[in-house]
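Below: the structure, in structure tokens.
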Amino acid sequence: MSRVFKLKSSDNETFEVEEAAALLSETIKSSSSTEITVPNVKAEILGKVVEWCNKHAESEDTKDQLIKEWDAEFVSVDQHVLFKLITAADYLQIKELVDQLTQRVGDMIKAKTLKTVEMTYPTFNVEREVQEELKSLGF
Amino acid sequence: MDTLLLIPSSMAKRPCPSQNPRPPNHLNLPDRDHLLETFLDFSDSPPFAIDLSFERILDSRDSDADQTKLIDRALQLGSVLLEAGKRSARRRASKHNSIAWALPPDLTIKVFSMLDTQSLCYAAATCSMFNKCAMDPSCYANIDLTTVVPKVNNAVVSTMIHRAGKALQSLKLGVVVPGPTTSLGSCQPLVYTIRNSVDVSNFSWNDKRSRQGKESSILSRSCLSPLGGDSGAPGALLRKLHLYNIERMDNASLCGALAACPSLIDLEIVGLHVELRQTLVSVSTNCHLIERLFFESSKSGRDDSLKSPACIELVNNCPHVTSLSLRGFKLHDYKVRILIKGFRKLKYVDFSTSYSITGSFLRNLGSNTGGNLLEVVILRDCMHLKVAEVYRLLNAVLSGDFKLLRHLDISNREGLASEGDWYYERCYSLSVNPLKQVLEQRPHLCILAEFPSEGSFADSDQMFDSEPYSDISLPSQMSTHTSDGSMFVSFSESSYNSDHGSGNEDALDASYVLYEESSDENALMGREQLYEMQLNCRGHN
């Protein structure tokens with residue numbers, strides 16, 4: 001019989017997760033209790049993380065094309081949500097989810113679609129020559 | 001005089017014009033701050049107020065020296081204030097960033113480690129927080145400084161390598177031809193040849209620093225020297241090194257770089273002016289863990305340097321090679337044979353655009369000697385590749401050899417060489433028989449045999465039949481070539497005497513003799529099969 005884990009969000013909502021899905025999280029794995037409170041993570045975000053875990057517990061073969069497409073959809077969220085997901089996944093130590101999410105952020109940096117002031121705010125001058133050289137190369 | 005300075009609001013008036021103003025060193029901090037604050041308030045006045053004020057003050061000074069001093073002072077203060085403003089702006093931006101950027105440094109570093117080198121440098125240039133994260137060595141584990149035109153210079157390479165330190169795993173450097181390359185044996189030459197039209201004039205700022213003028217924007221021969229050095233050098237853990245079209249790289253500097261990389265697993269060299277033999281010797285001396293070797297010559301068939309002892313040494317010292325590509329060199333069958341038989345784990349070979357090899361190196365390979373693990377064999381555009389050897393290979397496949405073969409590419413822009421005159425008598429198609437049987441017996445085997453259709457030889461003076469040919473042609477009458485048993489008698493002796501084009505007639509060393517002995521029985525069996533073959537060759541009428 002597989003155990004059922006209870007994950008509680010910071011706004012007091014509880015999610016029930018099957019063992020297979022829950023054990024994708026190292027934090028849960030090394031926890032002595034089946035009831036885990038996830039601080040600083042709201043229900044909306046925790047729910048999505050649970051969704052990811054459930055999906056990945058189902059399909060064994062992570063190289064499957066369908067799951068890859070599902071994953072791609074999953075990470076195509078608003079930047080705001082994306083960062084919160086990373087924080088949650090990082091706390092729960094779900095390596096693969098963290099990898100996928102950080103890859104997405106990397107892709108956004110590459111595509112320069114990251115909406116932050118800092119990406120267009122060139123204020124730093126350290127090793128300017130190297131930076132300028134690379135930038136002037138169109139590099 | 002002191003009282004003047006204590007009345008900030010009357011800075012526009014000077015009761016004692018001949019006296020120089022003394023800096024308010026005696027003022028305490030709060031008063032000094034108040035002074036500056038008031039001055040900053042001053043600047044909110046209508047436009048040009050400070051100008052006019054300054055000019056009035058200047059005019060009120062009589063001596064030239066006084067005026068010069070005042071101007072210098074103004075410039076100096078202006079600069080100090082400017083820097084202070086910039087610093088504060090940066091600090092504020094960083095603070096804003098650390099609020100707006102929701103990831104802690106370790107996750108930021110993780111994100112950055114997934115970026116390509118170019119994006120990483122952009123990120124590093126945006127703000128100090130990003131810069132700090134982007135300086136983490138793990139971000140530089142895979143350095144890719146390849147560009148489409150020559151741009152990167154030694155300093156950039158050196159900086160990146162030093163940032164990586166012990167985390168360095170792969171380094172790609174040089175000038176690459178843009179465009180897609182197929183994954184399996186691209187026939188598109190990677191050697192970059194268009195140099196003159198490149199506009200490198202926008203890098204003139206380099207001139208100020210360099211002693212070599214504009215050319216310092218190009219990589220020089222010592223660009224890889226940061227890999228070496230004392231113990232713990234970055235090259236020690238380097239696993240992958242890809243170099244493309246670095247004009248100034250020479251044998252000595254490349255061998256020096258290889259000597260610094262004992263952990264190298266994947267080496268790709270395209271369009272470097274280095275000698276194949278020397279490079280392979282250096283690899284066999286230094287890189288015993290090597291698994292993938294990809295060399296493309298800059299000299300299109302003129303590099304004839306490879307010698308048997310070098311081959312023997314290479315297979316002895318580097319037993320882990322699984323992928324071997326030597327493109328555009330002059331290779332002889334017996335030397336290639338040493339390599340193929342010697343590398344016990346060899347799965348992938350690509351000898352595209354090679355000169356001299358006829359394909360005889362593939363004889364008697366696929367059963368239980370070395371070569372039986374071969375999965376991919378690519379021999380595109382090998383001028384001297386003989387159609388007879390291809391048929392021999394196909395028959396070997398039919399009889400159960402090369403069990404793991406899944407991809408064979410013998411396409412050739414000029415067709416295949418026949419037994420006759422290798423230059424004028426080319427074959428542009430393979431006959432159905434062994435080919436069809438092979439494809440039926442081995443459904444997972446992909447065979448690429450793209451040849452030009454007839455009439456594509458614009459500058460040849462051959463007589464062409466009017467009948468068009470396709471890739472798989474219909475059997476017609478037996479050609480006189482196959483009924484002539486000389487092809488098989490010549491098994492036991494060098495079969496290339498008449499074929500001076502390939503230069504294999506001097507292949508009389510030990511390994512060749514060995515193969516001959518075991519091939520006699522095959523020769524008998526092969527003769528029957530080959531007699532049945534339909535060979536469609538172009539020839540003089």
Side-chain angles (χ1 to χ4, degrees), chain A residues 39-42 44-45 75 77-139, chain B residues 86-87 89-94 96-104 106-132 134-135 145-153 155-156 158-160 163 200 202-206 208-209 217:
Chain A
N40 303 325
V41 178
K42 294 233 169 81
E44 179 202 348
I45 302 296
V75 298
V77 287
D78 183 28
Q79 180 181 318
H80 188 61
V81 172
L82 185 64
F83 279 36
K84 290 200 163 136
L85 280 171
I86 295 181
T87 313
D90 183 52
Y91 178 86
L92 288 169
Q93 293 183 71
I94 308 171
K95 185 181 184 304
E96 206 197 313
L97 180 55
V98 173
D99 286 348
Q100 285 180 12
L101 294 166
T102 48
Q103 180 67 56
R104 170 89 183 130
V105 178
D107 292 344
M108 287 170 82
I109 291 180
K110 274 188 240 195
K112 300 193 173 89
T113 56
L114 204 60
K115 283 185 181 51
T116 50
V117 172
E118 53 270 21
M119 294 311 291
T120 55
Y121 200 129
T123 56
F124 207 83
N125 287 323
V126 164
E127 297 191 74
R128 180 180 8 123
E129 282 168 345
V130 174
Q131 314 295 8
E132 269 187 354
E133 170 155 8
L134 287 166
K135 279 208 279 190
S136 73
L137 302 174
F139 194 63
Chain B
K86 278 189 183 171
R87 254 198 326 269
R90 287 199 293 269
R91 237 181 277 134
R92 277 186 70 225
S94 285
H96 166 86
N97 294 345
S98 60
I99 296 167
W101 183 256
L103 293 181
D106 60 331
L107 285 175
T108 308
I109 291 173
K110 189 169 163 57
V111 169
F112 285 176
S113 67
M114 295 186 175
L115 292 177
D116 59 286
T117 312
Q118 173 185 347
S119 305
L120 182 62
C121 288
Y122 270 119
T126 50
C127 71
S128 53
M129 189 202 45
F130 271 24
N131 189 274
K132 206 159 154 213
M135 290 298 141
L145 289 169
T146 52
T147 53
V148 174
V149 289
K151 285 182 171 184
V152 178
N153 71 5
V156 176
S158 176
T159 306
M160 298 290 134
R163 285 184 192 168
V200 290
N202 51 325
F203 310 122
S204 56
W205 65 268
N206 255 328
K208 296 179 212 151
R209 291 197 296 164
S217 63

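Taking CZ from B:F112 and CD1 from A:I109, the interatomic distance works out to 5.0 Å, rounded to the nearest 0.5 Å. Rounding to the nearest 0.5 Å gives a distance of 12.5 Å between CG of B:L103 and NZ of A:K84. Taken to the nearest 0.5 Å, the CD1 atom of B:I109 stands 12.5 Å off from the OG1 atom of A:T102. To the nearest 0.5 Å, atoms NZ (B:K110) and CG (A:D99) are separated by 4.0 Å.
Legend: residues meeting side-chain contact (heavy atoms from CB on, under 4.5 Å) with B:D106, ordered by chain and number and at least two apart, are B:P104. In this view, A:Q93 and A:E26, A:T27 satisfy the side-chain contact (heavy atoms from CB on, under 4.5 Å) rule, not counting sequence neighbours.
The shortest distance between side-chain heavy atoms of B:L107 and A:V98 falls below 4.5 Å.
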